[in-house]
There are 2 protein chains.
Amino acid sequence: MVPKYQQVAAQIESDIIDHVYQETNKLLTEDEYAKKYQVSRNTVRKAIEILVNKGYVYQVQGSGVFIRTHHNKGYVNLEKLQGVTNDFSDRRVENKLLEFKQLTADENLAENMGCKVGTPIYFVKRLRYVDGNPFSIETSYFNKELVIYLDENIVKKSIYNYLRNDQKLAIGFADRIISADFLSKEQAELLGLKENDPALVVDNTVCLTNGAIFDYSQSVHHFQHVKLLKVSNMKGS
Amino acid sequence: MVPKYQQVAAQIESDIIDHVYQETNKLLTEDEYAKKYQVSRNTVRKAIEILVNKGYVYQVQGSGVFIRTHHNKGYVNLEKLQGVTNDFSDRRVENKLLEFKQLTADENLAENMGCKVGTPIYFVKRLRYVDGNPFSIETSYFNKELVIYLDENIVKKSIYNYLRNDQKLAIGFADRIISADFLSKEQAELLGLKENDPALVVDNTVCLTNGAIFDYSQSVHHFQHVKLLKVSNMKGS
DNA sequence: AAGTGGTCTAGACCACCGT
DNA sequence: CGGTGGTCTAGACCACTTC
């Protein structure tokens, strides 16, 4: 059951993409959406809040909700996990499986994943391509006690789609730590760059809704092909 | 006039920092806060939402709001602008003014700032230190028609505090684009690194509440001292 | 079954923008 | 001034966790 505010957000989002508001460059008023979709104004507001965070629109008190024309394409929006699959849905995303195995958590991994030493772990290493260009090297550890099952066929495709749709895993929230570093020789070869070139590195710690860490991963991005986007709102900070 | 939900958020935040909830490791229930602060439950929920985005807590339906113990310190949280001043409030933040002048927007700058060619612009270049260590090189362009006034004394301190508190500028939202790149020789010298070392680069486009761009800036961060943090929530994506 | 967070409503009033 | 977004309330009902 998808909540109403998410449904409304999806409808308005698709209207924006279809250039429905091209003439005025602004959305309808909150009251108009409330009437149109037969929901309360607060529900409309929650829907618009999603679109603000996705960078589609901005709100001006007393005036309206305006569409952001310079809503830059080609960036990986940090608002959503699964950036590549979502942000580049119109481009060709491919994975090359480099390594897939089971192991048990050593002290360091247990610390990072908030589990006991010896916990069974799936290890996945993939090279991701966008439109045929190497995009990032992704090294993931999944807690087998929470993820239950993975195999080669699954990890060659979208792991998260499988976990969410088939395993019905309740994915809750994630920490993402972004830094820059040197590329190792091995990483450089995979990405088609040189050793010691810069790398854009993202460390992810992904939790279930109950707070348990089920995925700890690191993505090493091609510094020329990948830029991340964060839309910040000054409200409440 | 600060809204109630921001006041409540600030109170709970300070309680968390003071380890008030250390025994249970969770917040009070929403109803308890509603009664405690004499506000509605929705106001409490908006307050807690802020704390979720700041990475202090996570919510579990049917169970409660839990404090995140691994709430890692030392990262620049992308949730707020003014990351350095806020996240390192317990550390010594200093600025060295490298350059300050007025200029007029050329075609490229006018494009980036959404203004006309020839618009008067303040240019500020600063080297920022945290605890005496070079932290980032910040190159900023401020639209003089919106910012009205800046001088050397102001830009040596916190520009944003001045704009918000003294100029009463209504800062609304910002795009931040994060990438990695090589350090130039000049940048490397300023940061105490070597030419062609990696750099963590953040391009900011900051808008007033009415959508006008008043600040366009680039921060080149020391890749060993700076890590950015983004807390992602799966709701509504 | 009781407790607690998630969704939703209907309506009030305020703050700000534009005419 | 009317229009529109921002804050806030009181209450209802649902979904999930916990016992």
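Lettering of chains follows the sequences in order, A, B, ..., and the numbering in each one begins at 1. All values below come from the heavy atoms of this structure, side chains included, with hydrogens, waters and symmetry mates left out.
The separation between A:Gln59 atom CD and C:dC17 atom P is 14 Å, rounded to whole Å. One atom, CD of A:Glu49, and another, C1' of D:dG5, lie 13 Å apart when rounded to the nearest Å. When rounded to the nearest whole Å, the span between CG of A:Leu208 and P of D:dT17 equals 11 Å. Taking atom CG of residue B:Asn210 and atom C1' of nucleotide D:dT4, one finds them 15 Å apart after rounding to whole Å. Regarding A:Met1, its CE atom lies at a distance of 8 Å from the P atom of D:dA15, rounded to whole Å. The OH-C1' distance, from A:Tyr58 to D:dG6, rounds to 17 Å in whole Å.
For B:Gly64 and B:Thr209, each mapped to the nucleotide of DNA chain C holding its nearest heavy atom, the one lying further toward the 5' end belongs to B:Gly64. Mapped onto DNA chain C by nearest heavy atom, A:Pro3 and B:Val65 fall at different nucleotides, with B:Val65 at the one closer to the 5' end.
Here A:Lys230 pairs with B:Glu79 under the salt bridge (charged side-chain N to carboxylate O under 4.0 Å, His left out) rule; sequence neighbours left out. Annotation: salt bridge (charged side-chain N to carboxylate O under 4.0 Å, His left out) contacts of A:Lys125 (sequence neighbours excluded): A:Glu186. Looking at residues two or more places apart in sequence or on another chain, you find a ring pair (Phe, Tyr, Trp, His ring centres under 6.0 Å) between B:Phe66 and B:Tyr58. With sequence neighbours left out, A:Glu138 forms a salt bridge (charged side-chain N to carboxylate O under 4.0 Å, His left out) with A:Arg126, A:Arg128. B:Phe123 pairs by the ring pair (Phe, Tyr, Trp, His ring centres under 6.0 Å) definition with B:Tyr141, not counting sequence neighbours.
Considering every non-hydrogen atom in both A:Lys4 and A:Thr43, the closest pair reads CB-CG2, 4.0 Å.
Across residues 11-38 of chain B, B:Gln38 each have a non-hydrogen atom less than 4.0 Å from an atom of DNA chain D (numbered order).
Applying the 4.0 Å criterion to OP1 and OP2 of D:dC8, one finds that B:Tyr5 has every side-chain N and O outside that range. At the phosphate of D:dG5, neither OP1 nor OP2 sits under 4.0 Å from any side-chain N or O atom of A:Arg45. Residue B:Lys46 places at least one side-chain N or O under 4.0 Å from the OP1 or OP2 atom of D:dT7. Listed pair A:Thr43 / C:dT9 meets the phosphate criterion, a side-chain N or O lying under 4.0 Å from OP1 or OP2.
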Would you tabulate the nitrogen or oxygen pairs shorter than 3.5 Å linking the protein to nucleotides 10-14 of chain C?
unit_1, atom_1, unit_2, atom_2, d
C:dA10, N6, A:Asn42, ND2, 2.8

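Among residue pairs with one or both ends in residues 101-111 of chain A, those qualifying as side-chain hydrogen bond (donor to acceptor under 3.5 Å, both in side chains) are A:Glu99-A:Lys101; sequence neighbours excluded. Here salt bridge (Lys or Arg N to Asp or Glu O under 4.0 Å) pairs that include residues 18-32 of chain B, with residues two or more places apart or in two chains, are B:Glu30-B:Arg41, B:Glu30-B:Arg45.
The closest side-chain heavy-atom distance from B:Gln218 to B:Val202 is not below 4.5 Å.
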